[in-house]
Amino acid sequence: MLEQEINTAVEQFRRLMEEQLARQLRMEQAAPAKNFSKQEKIVIGICAGDGIGPILMCEARRLMEKLLADELASGRIELREIEGLTIERRLACGQAVPDDTLAAIKACDVLLKGPTTTPKGGSMESANVALRRELDLYANVRPVSVPEEGIDWIFYRENTEGEYVLGSRGVELPGKLAMDFKVTTDAGTRRIARAAFEYAKNNGKTNVAIVTKANIMKKTDGAFSAVCHEVADEYPGIAAEDWYIDIMAANLVNKDVRSRFQVFVLPNLYGDIITDEAAQIQGGVGTAGSANIGDRYAMFEAIHGSAPRMIEEGLGEYANPSSLFRAVEMMLRHIALPQKADRLAHAMQICTVEECRVAVTGNRDGATCRDFADYVLEQL
Ligand code: IPM
Ligand code: MG
C-alpha cells in the first residue's frame with residue numbers, strides 16, 4: 001500500500017545520486033586555486049547580514065578602512081557593499097540567496113559576511129549553506145587559541161558535503177519514517193585533507209587529528225578517514241591520528257591532554273558542533289573567526305548567529321565584534337597581506353588578553369561594540 005510512496009522516494013534517491021556523482025566529477029576537474037599576491041586588484045564584498053550583523057559590520061568596516069588605507073587610496077583594494085542578503089529580502093524572493101545578490105557576490109574576490117538568520121522549519125535553506133555550496137567553499141577553517149594554556153588549534157571542517165549537502169532534501173513517509181542523506185565523496189574529502197595537511201606542513205605542525213565516527217557511519221566516515229590517510233602518506237613527518245568525535249569532544253575539555261592537539265580535519269556536522277565547543281573554551285562563540293575557503297572564492301564570517309533576541313531586547317549595540325574582527329584578520333591573511341593581519345592580531349591580543357581595558361559582555365553592564373572597536377583601533 002506504500003508502494004507508490006516508496007517508488008517516488010527511490011526515484012528521488014536516483015536523482016540525488018546522479019547529481020552528487022556529477023558534483024564529484026566537477027571537483028576532480030577543478031582549476032587550481034587563485035594566487036592573490038599576483039593579483040592587481042582585489043574586490044572585498046561586504047554583506048552586513050541580519051540582527052546584530054549591521055552593528056558589527058559598521059565597526060569591522062572602520063577597522064578595514066584604517067588597516068587598508070593605502071590600498072584603498074591606490075585602488076588596489078575595493079570595499080564593495082552588497083545589498084540584499086537580509087532575511088526580509090530572502091523571504092520576499094523565496095531564495096536563500098537572491099539571484100542578483102549572488103551575482104554581485106560572484107563579481108567580488110572575497111566576501112566579509114555578517115550573520116544571517118535562518119528561519120526555523122519551512123523549506124528556506126540557510127544562506128550560509130547556500131553560499132558555501134554556490135561558491136564551492138570547501139574548507140571551513142576555524143582557529144582557536146588559548147596561549148596561557150598552550151592551546152593552539154586549527155579546525156579544517158569539510159564545508160560542502162556530509163550531512164549538509166542534502167540536508168533539505170531527505171525523504172519521509174509522514175507519520176511513519178523520515179530519512180536524511182549524508183554524502184562523502186572522494187574528491188571532496190581529498191581537497192579538505194590536502195588543505196589541512198598543507199597547513200600543517202607550512203606551519204611546522206606535526207600532528208593532524210582525523211575526527212570521525214567511522215565505527216558507526218561506516219561508509220561515509222570510513223571513506224573520509226581512508227582518503228585522509230592516503231593524503232597523509234604524502235606528508236612524512238606529520239602524524240595522522242584517527243579519533244572518534246565523541247571522545248574528541250571529551251578530550252577538548254580535558255586539560256591534561258587537550259594542548260597536544262594541533263590540526264583537526266573532520267566532516268561537516270562534527271566540525272560544526274566541535275568548533276562551537278572549541279570556541280567556548282577560548283572564551284565564547286563571540287570570540288572566534290571563521291573562514292570558508294574555496295579555490296576561486298572565499299568568505300569570512302563570525303562563527304556566531306544574528307542574535308535576534310539581543311535586538312528584541314535592545315541590546316544590539318552591546319554585541320561583541322571580536323568574532324567578525326578575527327574573520328577580518330583571516331581575510332587579510334588569505335589575500336596575502338600577512339603583515340596587516342599580524343597588526344590586527346596584535347591589537348586583538350592586547351585588547352582581549354593582555355590589557356582588556358574595555359570588556360564587552362553582551363549586556364548593559366559591558367562596553368558597547370563601538371567602544372571596543374575604538375579600543376582596537378587605538379592599538380593598531
Ligand atoms: C556555522 C553555523 C552554520 C552551520 C549555520 C548557521 C547554518 O552553525 O557556521 O557553524 O551549521 O554550519
Ligand atoms: Mg555552527
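All ligand and atom numbering here is 1-based and tracks the order in the structure. Note that the structure is predicted; figures quoted are calculated from it, not measured.
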Inset, instruction - Identify which protein N/O/S atoms are less than 2.8 Å from the Mg ion (ligand 2). - result: Asp272 OD1
Inset, instruction - Provide the number and element of each atom of ligand 1 under 4.0 Å from a heavy atom of Ser126. - result: 7 (C)
Legend entry - From His304, Gln282, Arg326, residue fulfilling side-chain hydrogen bond (donor to acceptor under 3.5 Å, both in side chains) relative to Thr287: Gln282
Inset, instruction - Could you tell me whether ligand 1 has any atom less than 4.0 Å away from a heavy atom of Arg142? - result: yes
Inset, instruction - Output all residues satisfying salt bridge (Lys or Arg N to Asp or Glu O under 4.0 Å) with Glu230, sequence neighbours left out; order by chain, then residue number. - result: Arg190
Inset, instruction - Quick one: list whatever passes salt bridge (Lys or Arg N to Asp or Glu O under 4.0 Å) with Arg90, sequence neighbours left out. - result: Asp50
Inset, instruction - Would you mind checking if Glu313 and Arg309 are paired as a salt bridge, meaning a charged N to carboxylate O distance below 4.0 Å? - result: no
Legend entry - Centroid-centroid under 6.0 Å between Phe261 and Trp243 rings: yes
Inset, instruction - Verify whether the ring centers belonging to Phe264 and Tyr156 lie closer than 6.0 Å. - result: no
Inset, instruction - Tell me, yes or no, whether the heavy-atom count around Gln29 atom CD, taken from other residues, nucleotides or ligands under 6.0 Å, exceeds 12. - result: yes
Inset, instruction - Using protein heavy atoms only, decide if any is under 4.0 Å from atom 5 (C) of ligand 1. - result: no
With only distance considered, is [X] within less than 3.5 Å of ligand 1 through an N or O on each side?
| X | answer |
| --- | --- |
| Arg157 | yes |
| Tyr164 | yes |
| Arg132 | yes |

Inset, instruction - Start with the C-alpha gap between Glu78 and Lys41, add the side-chain angles, then the distance that decides, and say whether salt bridge (charged side-chain N to carboxylate O under 4.0 Å, His left out) holds. - result: CA-CA 8 Å; Glu78 178 190 334; Lys41 177 168 181 185; 2.8 Å; yes
Legend entry - Heavy-atom nearest neighbour in the protein, as seen from atom 8 (O) of ligand 1, with distance rounded to 0.1 Å: Asp272 OD1, 3.2 Å
Inset, instruction - Give, for atom CG of Asp109 and atom CD1 of Ile42, the distance between the pair rounded to the nearest 0.5 Å. - result: 6.5 Å
Inset, instruction - With heavy atoms under 4.0 Å as the rule, classify the contact between His304 and ligand 1 as side chain, backbone, both or neither. - result: neither
Legend entry - Side-chain hydrophobic cluster, 4.5 Å single linkage: members besides Ile303: Val285
